[in-house]
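One structure below.
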Amino acid sequence: MTIRTTEIIGILGGMGPAATADFYAKLVSMTPGSSDQDHLRTVIWSDPTIPDRTEALLGDGPDPTPWLLDGSRVLREAGATLIAIPCNTAHAFVPRIADHVGLPIVHMIGEVARHLTTLSPRIHTAGLLATTGTVRAGLYQEWLDRFGIRLLLPDATSQDHEIMTAIHAVKAGARDVTATEPLARAARRLAAQGAQAIIAGCTEIPLGLPAETVDVPLIDSALVLAQALVRRARTEQATG
């Protein structure tokens with residue numbers, strides 16, 4: 001089905017740049033069509049100077065809210081009609097910017113929670129691989145609670161020495177065992193504890209953890225967000 005829509009997607013990115021590029025590639029791959037003209041109009045603001053979101057949440061760095069607000073304004077002035085943020089941890093700051101942006105923000109974590117409810121067999125327990133900031137902010141805990149899904153988290157040692165180490169490796173350009181092996185170990189441990197699916201709750205994680213290395217479904221938050229944007233554009237087309 002070809003999409004013809006007035007929607008212009010604003011991608012608030014740069015957190016990090018590789019994850020932003022990967023997200024746009026996923027948006028293109030999820031869009032049905034056979035020509036350039038069948039794809040969605042998109043504005044990308046990739047600002048890698050946005051302060052680290054986890055450091056801010058842990059009290060170790062500046063608040064990124066002003067940068068997120070500035071980026072949102074750039075997107076609005078460029079013609080965006082909605083905003084997508086392909087960074088899970090940045091969603092901790094969405095409540096601070098939502099009323100000031102002037103555009104709807106498609107909430108990636110809410111979309112992942114809803115997506116989990118569509119899987120068969122039904123997901124009762126999910127494991128989370130994410131930044132320490134996302135975990136501490138309780139972003140996934142809050143959303144999955146709404147849908148009655150239990151969330152398993154890595155222990156502190158795994159969080160620090162496997163997951164965060166791998167995320168930093170991906171940000172530094174690694175796409176090899178440096179990132180894959182610690183993420184795979186953490187994912188397997190959560191699956192052994194009863195996780196029926198593993199949420200890649202940081203957009204760097206799918207870049208370092210191939211889905212086939214995990215024995216249960218790996219839920220790519222960036223891919224889910226891309227699918228939600230395509231679905232929204234189709235709805236806008238149908239009602240427009």
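As the structure is a computational prediction, the values presented were derived from the model and not from experiment.
- Distance alone, capped at 3.5 Å, places no donor-acceptor pair between the R150 side chain and the H124 backbone.
- Without hydrogens or angle criteria, Q196 side chain to V216 main chain gives no donor-acceptor distance under 3.5 Å.
- Between the CG atom in L229 and the OG1 atom in T42 there is a gap of 8.5 Å [rounded to 0.5 Å].
- The closest donor-acceptor contact from the side chain of Q159 to the backbone of A130 lies under 3.5 Å.
- No hydrogens or angles considered: nothing links the side chains of T134 and N88 as a donor-acceptor pair under 3.5 Å.
- Looking at every heavy atom in both residues, S221 comes nearest to M108 through O-SD, 3.5 Å.
- Closest non-hydrogen pair, T203 versus A19, comes out as OG1-CB, 3.4 Å.
- Inspection of the D155 and S158 side chains reveals no N or O donor paired with an N or O acceptor under 3.5 Å.
- Under a 3.5 Å cut-off, the side chain of T180 and the backbone N or O of G208 do form a donor-acceptor pair.
- Smallest separation of non-hydrogen atoms from A187 and V214: CB-CG2, 4.0 Å.
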*So E111 and R232, salt bridge (Lys or Arg N to Asp or Glu O under 4.0 Å) or not? Walk me through it.*
CA-CA 12 Å; E111 294 296 340; R232 182 185 176 108; over 6 Å; no
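- Listed for the T65 side chain is no donor-acceptor partner under 3.5 Å among the backbone atoms of D63.
- The minimum heavy-atom distance linking L152 with A195 is given by the pair CD1-N, 3.6 Å.
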